[in-house]
Amino acid sequence: MKLYFRESGDTTAPLIVFLHGGGVSGWMWDKQTDYFQNYHCLVPDLPGHGRNSGIAFSIIGSAELMINLIDTKAAGKPVILIGFSLGAQVALQILSMRPHSIDYAIINSALVRPIPLANQIIRPTIRLTHWLTKLRSFSKLQARQLYIGADQFETYYRETCQMSADTLVDILQENMTFQIPENFHRSTAKILVTVGEKERVMMRKSAADIKHSNSNCEAMIIPRIGHGGTLAPELFHEIVESWIRET
């Protein structure tokens, strides 16, 4: 199975792996990879997304593919794992499956409290509403909520239109039923958990759950922002650098 990913920066430096959120792909990290060129940056498209849309999505399956990629590219270097939303759930799964392989991790806006009756309601809901994803006006509304700028909107809209209803169902079911993996408490990574102050209460409670599940975790609530706002470039770059440098 050939996995598409982008690679940039200094290949002799520590490895940063960026895992994007649901409904977008690796392009969401373009500003971050431009900034962190003094690191070895690795940006895969998750299964079911972007150029890996032909690969079926599951969180465990995605974690397995990412672990194989990291093993190939890390070559004994320090590894920094950064995930947002759906990508943060995959990151938690990686930390559980390979508890001693990641040195630093930043978990942005990960839902770990299952939504009641998610499996029963997602498929019929998507059957009724999937047509909305083809509307530019609806996509523009979604893009604003995700802090996607005008320079990235056309890519976002194109990939949204290409995503099938079945793939969207798979992604939402995995996302909305995810729980903290069994062995997450064993991870020895230095882990920062972030969530926006304006995100839903369920997201803030999830951040607290993650923090309390591993003694190496610290948590940060980012003031005045919602879901996706933690990726505002200037703020995000400062958070990442401070965390890695332990300042």
Side-chain angles (χ1 to χ4, degrees), residues 14-22 24 28-36 38-39 41-43 46 59 63 66 78-96 98-99 101-114 144-149 175-176 178-181 183-247:
L15 180 68
I16 303 183
V17 182
F18 295 93
L19 302 180
H20 63 79
V24 293
M28 74 163 284
W29 298 109
D30 284 352
K31 292 182 175 64
Q32 285 70 37
T33 54
D34 286 346
Y35 183 85
F36 286 103
N38 54 329
Y39 287 86
C41 296
L42 202 60
V43 187
L46 291 176
I59 288 176
M66 298 307 120
V79 178
I80 301 132
L81 181 63
I82 299 174
F84 166 67
S85 193
L86 187 70
Q89 293 173 321
V90 175
L92 288 170
Q93 190 67 48
I94 292 170
L95 292 167
S96 172
R98 294 291 291 273
S101 298
I102 306 299
D103 297 280
Y104 297 88
I106 300 179
I107 306 297
N108 300 281
S109 302
L111 177 66
V112 296
R113 292 193 170 200
R144 283 198 296 271
Q145 293 175 345
L146 292 170
Y147 297 83
I148 294 171
N175 170 252
M176 296 172 69
F178 183 75
Q179 301 180 66
I180 295 173
N183 290 321
F184 173 66
H185 68 281
R186 296 178 55 220
S187 175
T188 55
K190 187 174 186 288
I191 304 166
L192 177 65
V193 184
T194 70
V195 66
E197 181 184 28
K198 293 184 178 180
E199 293 199 58
R200 292 176 296 155
V201 172
M202 183 77 75
M203 300 301 296
R204 298 199 298 275
K205 288 182 177 180
S206 289
D209 291 345
I210 297 167
K211 179 184 184 299
H212 295 139
S213 297
N214 185 302
S215 60
N216 296 320
C217 285
E218 293 186 27
M220 175 188 296
I221 297 177
I222 312 296
R224 299 183 299 279
I225 60 171
H227 193 68
T230 51
L231 304 184
E234 295 81 4
L235 174 61
F236 183 79
H237 299 160
E238 182 179 351
I239 290 171
V240 172
E241 287 188 316
S242 297
W243 190 245
I244 295 171
R245 294 175 182 175
E246 304 190 17
T247 57

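Positions are given from 1, in the same order as the sequence printed here.
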Note to self: To the closest 0.5 Å, what do you measure between CG (Asp34) and NE2 (His237)?
What the structure shows: 8.5 Å
Note to self: Applying salt bridge (charged side-chain N to carboxylate O under 4.0 Å, His left out), can you list everything that pairs with Arg98, at least two apart in sequence or on another chain?
What the structure shows: Asp71
Item checked: Main-chain N/O of Glu197 paired with Arg224 side-chain donor or acceptor, under 3.5 Å -> no
Note to self: Please give me the minimum heavy-atom distance between Ser213 and Ile180, naming the atom from each residue.
What the structure shows: OG-CD1, 3.2 Å
Next item on the list: Kindly say whether Pro99 contributes a backbone atom to a donor-acceptor pair with the side chain of Asn183 at under 3.5 angstrom?
Entry: no
Note to self: Exactly one of Glu218, Met220, Glu238 should register a side chain to side chain contact (heavy atoms under 4.5 Å, CB included) with Trp243. Which one does?
What the structure shows: Glu218
Next item on the list: Rounded to the nearest 0.5 Å, what's the gap from CD1 on Ile191 to CG on Leu95? Could you check?
Entry: 5.0 Å
Margin query: Looking at Lys198, I'd like to know if its NZ atom is crowded, meaning that more than 12 non-hydrogen atoms belonging to other residues, nucleotides or ligands lie closer than 6.0 Å.
Written below: no
Item checked: CA sep, side-chain torsions, deciding dist, call: Ile222, Ile239, side chain to side chain contact (heavy atoms under 4.5 Å, CB included) -> CA-CA 10 Å; Ile222 312 296; Ile239 290 171; 3.7 Å; yes
Check: Is the Phe36-Trp29 ring centre distance short of 6.0 angstrom?
Finding: no
Notebook entry, point to check: At what distance, to the nearest 0.5 angstrom, does OH of Tyr39 lie from CD of Glu241?
Noted result: 6.5 Å
Next item on the list: State the CG-OH distance between Leu15 and Tyr104, to the nearest 0.5 angstrom.
Entry: 14.0 Å
Check: Which heavy atom in Thr33 sits nearest to a heavy atom in Cys41, and how many Å separate them?
Finding: CG2-CB, 4.0 Å
Next item on the list: Heavy atoms only: give me the nearest Ala63-Gln93 pair and the separation to one decimal.
Entry: CB-CG, 3.6 Å
Note to self: Run Phe178 and Leu92 through side chain to side chain contact (heavy atoms under 4.5 Å, CB included) and show every step you take.
What the structure shows: CA-CA 10 Å; Phe178 183 75; Leu92 288 170; 3.9 Å; yes
Next item on the list: Tell me, please, which residues at least two apart from Gln179 pass side-chain contact (heavy atoms from CB on, under 4.5 Å).
Entry: Pro114
Item checked: Side-chain heavy-atom pair Met28, Phe18 within 4.5 angstrom cut-off -> no
Notebook entry, point to check: What's the shortest heavy-atom distance between Met203 and Ser109, and which atoms?
Noted result: CE-O, 3.3 Å
Margin query: Under the rule for side-chain contact (heavy atoms from CB on, under 4.5 Å), what residues qualify as partners of Ala207, not counting sequence neighbours?
Written below: Val193, Val195
Note to self: Among residues at least two apart in sequence or on other chains, which ones pass salt bridge (charged side-chain N to carboxylate O under 4.0 Å, His left out) with Asp30?
What the structure shows: Arg6
Check: Just how far is it from atom CD of Gln32 to atom NE2 of His20, taken to the nearest 0.5 Å?
Finding: 13.5 Å
Margin query: Quick check: closest heavy atoms across Gly226 and Glu199, and the distance to 0.1 Å?
Written below: C-CG, 3.6 Å
Checklist line | Sequence-distant partners of Arg113, salt bridge (charged side-chain N to carboxylate O under 4.0 Å, His left out), two or more places apart | finding: Asp209
Checklist line | Which atom of Ile94 lies closest to which atom of Met66, heavy atoms considered | finding: CD1-CB, 3.6 Å
Which side-chain N or O atoms in residues 79-90 pair as donor and acceptor under 3.5 Å with protein atoms at least two apart or in another chain?
unit_1	atom_1	unit_2	atom_2	d
Ser85	OG	His227	NE2	3.1
Gln89	OE1	Asn175	ND2	3.0
Gln89	NE2	Leu111	O	2.8
Gln89	NE2	Asn175	O	3.0

